[in-house]
Amino acid sequence: MMRGARVRFGWSASLLALAVTTVLTSCGAVVTGSPVSIYDDPFTVAGLPVTDGPSGPRPGVSHAQLDVDGAAGTDVDLLATDAVDDIQKFWRTTYSTLFRGSFQPVRSLVSWDATADAGEGPLFCSEPTDGLANAGYCSLDDSIGWDRGLLMPAMIDAFGPMSVVMVLAHEYGHAVQTQSGLVGDDDPTIVAEQQADCFAGAFMRHVAEGDSTHFTLDTSDGLNDVLAATVAVRDVDPGDPDSVHGSAFERVTAAQIGFTDGAGACTRIDEKEVESRRSTLPQQFDSPLDTGELPVTQDSLEQFAATFEQVMPTTDPPTVDYSGADTGCADALTTEPVSYCPSTNTIGISVDALADRGRPTEVSEDDIVPLDVTGDYGAYVLFVSRYVLAVQNEAGQGLTDARAALRSACLSGVVTAALSPSDTDAAQRSTVTLSPGDLDEAVSGLLSDGLAASDVDGRTVPSGFARVDAFRWGVLGGREACDGRYS
C-alpha cells in the first residue's frame with residue numbers, strides 16, 4: 001500500500017504489508033437492523049444484536065464463476081474468488097450512491113503461489129510473484145491479486161476464512177478509490193489506507209446483516225477474529241518509512257467507522273480527520289534504540305500507581321497489594337493476574353503473572369502473521385482497568401454488570417490518553433508516558449480476552465467490537481464522554 005516512484009512489494013515494518021505504490025496498492029446467523037451510530041446503543045454491535053453463530057463460507061452455495069489468472073482451483077482460490085464476487089455485488093449497489101457514474105469491476109484477478117520456483121508463477125503488476133507473500137491492488141492494469149501459497153493459508157490458520165474476505169475487501173477499496181478518483185496523488189498514503197480499511201468494515205457490516213451470497217459473520221467471535229486480523233497487519237515500527245498503513249488502533253478505528261456508519265462515512269476520511277484522531281498520541285520513538293518496553297516489576301507498577309493518581313485522582317486512593325491478586329475479598333471474585341476488592345478498596349496483583357502478560361511478542365522469521373500483539377502495555381492496561389474500578393466505586397457507580405465492564409474499558413482509555421500529554425511540562429512531570437505500539441497492545445488484549453473491559457468479577461461483553469470501541473471512546477473523548485455514555 002506504499003505509493004512511490006516504482007512498484008514496491010514486501011512487508012510492513014517486518015509484518016504483513018497488504019499492498020504497495022502508485023501502481024500497486026495492497027496492504028453467522030443472519031441478523032437484521034439498520035446501521036446506527038454505535039454511540040446510540042453501546043451495548044449492541046453498532047445497532048446489530050450480538051450473535052454467536054456460524055462465520056465463514058455458507059454451506060451449499062455454488063462457487064463464483066470468475067476468471068482468475070494463475071488459479072489452481074484450491075480451496076483458497078475458491079474462497080478468494082467467492083469473496084471478490086460478493087464484494088463486487090456490494091459495490092454494484094453502493095457505488096452510485098456515493099460517486100458519479102456506474103460501478104465497473106476490476107479488469108482482472110491474479111492468483112499465485114509464493115513458494116513456486118522463480119519464473120513459474122504469473123506476473124502481478126508487471127512483477128514476478130515467486131516469494132511474494134502478499135495481496136494487493138494494481139492500478140497499472142486495474143487488477144487484484146493474492147498469494148494462495150503462504151499468505152492466505154496463514155491468515156486462515158490464524159484468524160479464520162473471514163480474514164481473507166477482509167483483506168480482499170480492503171484491496172477492493174483501493175480499486176474503488178482509483179475508479180472514483182476519491183484519492184489523489186497529493187493525498188497522504190495513510191488516508192488511502194484508512195479509507196480502504198473503512199470500506200472493508202462497511203462490507204463486513206453487509207455480511208453480518210446476512211446480505212452476502214457466499215458468507216456469514218457473527219458479531220461476537222467472528223467479528224472479533226476479523227478485527228484481530230486487522231491488528232496483526234498493523235505498522236509495527238513508526239520510524240520505518242514503509243509504515244504508512246496505520247497502527248492497529250488506527251486500522252481498527254477505520255474499520256469500525258465503516259461497520260458502524262457505512263461506506264459514505266469512509267469518503268469523509270481525510271488528512272485532517274486522521275490527524276484529529278491521532279491528537280497527542282505518540283507516533284515516533286524517542287531514539288532508534290527505544291523499544292517502548294518497560295518490563296513489569298513492582299517498581300514499575302508503583303510508578304504507574306503514582307501516575308494514576310496524577311491523571312485521575314481519588315479522594316481515597318486504593319491500596320495496592322503486590323503479594324497476589326487473591327486478597328480474600330468478601331464482595332468480588334479474584335481476577336488473575338490483577339483484582340479489585342470494593343469492600344477494602346484494594347488492588348491485588350500477581351506480579352509475575354502480570355509480567356508474563358506483558359512480554360513482547362516474539363516473531364519468528366517463519367511467521368507470516370502473529371496471532372496476538374503483546375507487550376508491556378498489555379499488562380499495564382489491566383492494572384489501569386482495576387484502578388478505574390476504584391474510581392467508579394468512589395463515585396457510587398455499579399461494578400457488577402456490562403455497563404461497568406464497558407465503562408472500565410472507556411475510563412482505561414481516558415487514563416491511557418493522559419499518559420501522552422500534549423503539554424511538554426506535563427510530559428516531563430509524568431512518571432511514565434505512552435510509547436508507540438502501546439495502544440495496539442491494549443486493543444489486541446481487548447479482542448483476545450477482554451479482561452481490561454470487565455466488571456469487578458471479571459465478566460465482559462462477548463463483542464470485542466464493543467470492548468475496543470469503549471476503550472477508543474475514552475481515548476478520544478475523555479472522562480465526561482465515558483460517564484455520559486455509560487452512566
Side-chain angles (χ1 to χ4, degrees), residues 12-13 15 190 193-194 197 224 227-240 243-257 273-286 290-294 296 304 307-308 311-312 357-358 360-361 370 372-385 388 406 408-422 427 430 432-453 464-479 481-482:
S12 168
L15 290 177
I190 184 64
E193 297 306 321
Q194 288 276 278
D197 284 336
N224 292 357
L227 293 178
T230 304
V231 169
V233 294
R234 77 206 189 283
D235 286 336
V236 178
D237 179 5
D240 189 326
S243 293
V244 294
H245 310 88
S247 68
F249 183 76
E250 290 171 329
R251 300 199 73 169
V252 168
T253 293
Q256 288 190 317
I257 290 171
E273 194 274 341
V274 172
E275 289 303 320
S276 71
R277 284 190 273 118
R278 285 180 164 179
S279 185
T280 64
L281 300 176
Q283 300 298 319
Q284 301 288 336
F285 289 115
D286 291 336
D290 186 7
T291 65
E293 294 296 316
L294 177 66
V296 177
F304 266 88
T307 301
F308 297 161
V311 300
M312 192 174 286
R357 292 285 291 260
T361 302
D372 295 306
V373 177
T374 60
D376 63 343
Y377 203 68
Y380 291 125
V381 75
L382 299 182
F383 187 17
V384 176
S385 75
V388 298
L406 293 179
S408 294
C410 191
L411 292 174
S412 295
V414 175
V415 173
T416 298
L419 298 180
S420 182
S422 57
S430 297
V432 291
T433 56
L434 210 62
S435 294
D438 285 344
L439 284 170
D440 296 355
E441 294 159 10
V443 167
S444 182
L446 287 163
L447 288 171
S448 62
D449 67 18
L451 182 57
F465 187 105
R467 299 194 295 257
V468 172
D469 184 71
F471 177 77
R472 179 170 63 90
W473 185 249
V475 170
L476 301 177
R479 183 171 180 178
C482 296

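- Atom CD in Gln256 sits 4.5 Å away from atom CZ in Arg472 (nearest 0.5 Å).
- From Asp449, atom CG reaches atom CG of Leu382 across 7.0 Å, with rounding to the nearest 0.5 Å.
- Using a distance-only test at 3.5 Å, with no hydrogens or angles considered, no donor-acceptor pair links the side chain of Asp197 to the main chain of Ala255.
- Nearest heavy atoms, Gly450 versus Arg467: CA-NE, 3.5 Å.
- Listed by chain and number, the residues in a ring pair (Phe, Tyr, Trp, His ring centres under 6.0 Å) with Phe471 amount to none (sequence neighbours excluded).
- Here the side chains of Val388 and Val415 are in contact, with some heavy-atom distance below 4.5 Å.
- Contact annotation: the side chain of Phe249 approaches that of Val475 to within less than 4.5 Å [non-hydrogen atoms, C-beta and beyond].
- Of all heavy-atom pairs spanning Ala453 and Ala409, the tightest one is CB-CB, 3.6 Å.
- Within the 4.5 Å cutoff, side-chain heavy atoms of Val414 are placed close to those of Cys482.
- At distances below 3.5 Å, not a single donor-acceptor pair connects side-chain atoms of Tyr377 with backbone N or O atoms of Gly358.
- Side chain of Ser444 to backbone of Glu441: no donor-acceptor contact under 3.5 angstrom is found.
- Distance check, rounded to the nearest 0.5 Å: CG of Asp469 to CD1 of Ile257 gives 10.0 Å.
- With Gln194 contributing its side chain and Val274 its backbone, the two residues share no donor-acceptor pair below 3.5 Å.
- The two atoms that bring Gly477 and Ala481 nearest to each other are O-CB, 3.6 Å, heavy atoms only.
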Check against side-chain contact (heavy atoms from CB on, under 4.5 Å), Thr307 and Leu419: CA-CA 8 Å; Thr307 301; Leu419 298 180; 3.3 Å; yes
Check against side-chain contact (heavy atoms from CB on, under 4.5 Å), Val252 and Phe465: CA-CA 9 Å; Val252 168; Phe465 187 105; over 6 Å; no
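- Here Ser247 contributes atom OG and Arg277 contributes atom CZ; the two are 9.0 Å apart, rounded to the nearest 0.5 Å.
- By the 4.5 Å heavy-atom criterion applied to side chains, Arg357 and Asp376 are not counted as neighbours.
- In this structure, Arg251 does not pair ionically with Asp440, as no charged nitrogen and carboxylate oxygen lie closer than 4.0 Å.
- Within the 4.5 Å cutoff, no side-chain heavy atoms of Asp438 are placed close to those of Thr416.
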Verdict with supporting geometry, Glu250 and Thr230, side-chain contact (heavy atoms from CB on, under 4.5 Å): CA-CA 10 Å; Glu250 290 171 329; Thr230 304; over 6 Å; no
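- A search for side chain to side chain donor-acceptor pair (under 3.5 Å) contacts involving Ser412 returns nothing, not counting sequence neighbours.
- Under the 30°/60° scheme for interplanar angles, the aromatic rings of Phe308 and Phe383 are found to stand perpendicular.
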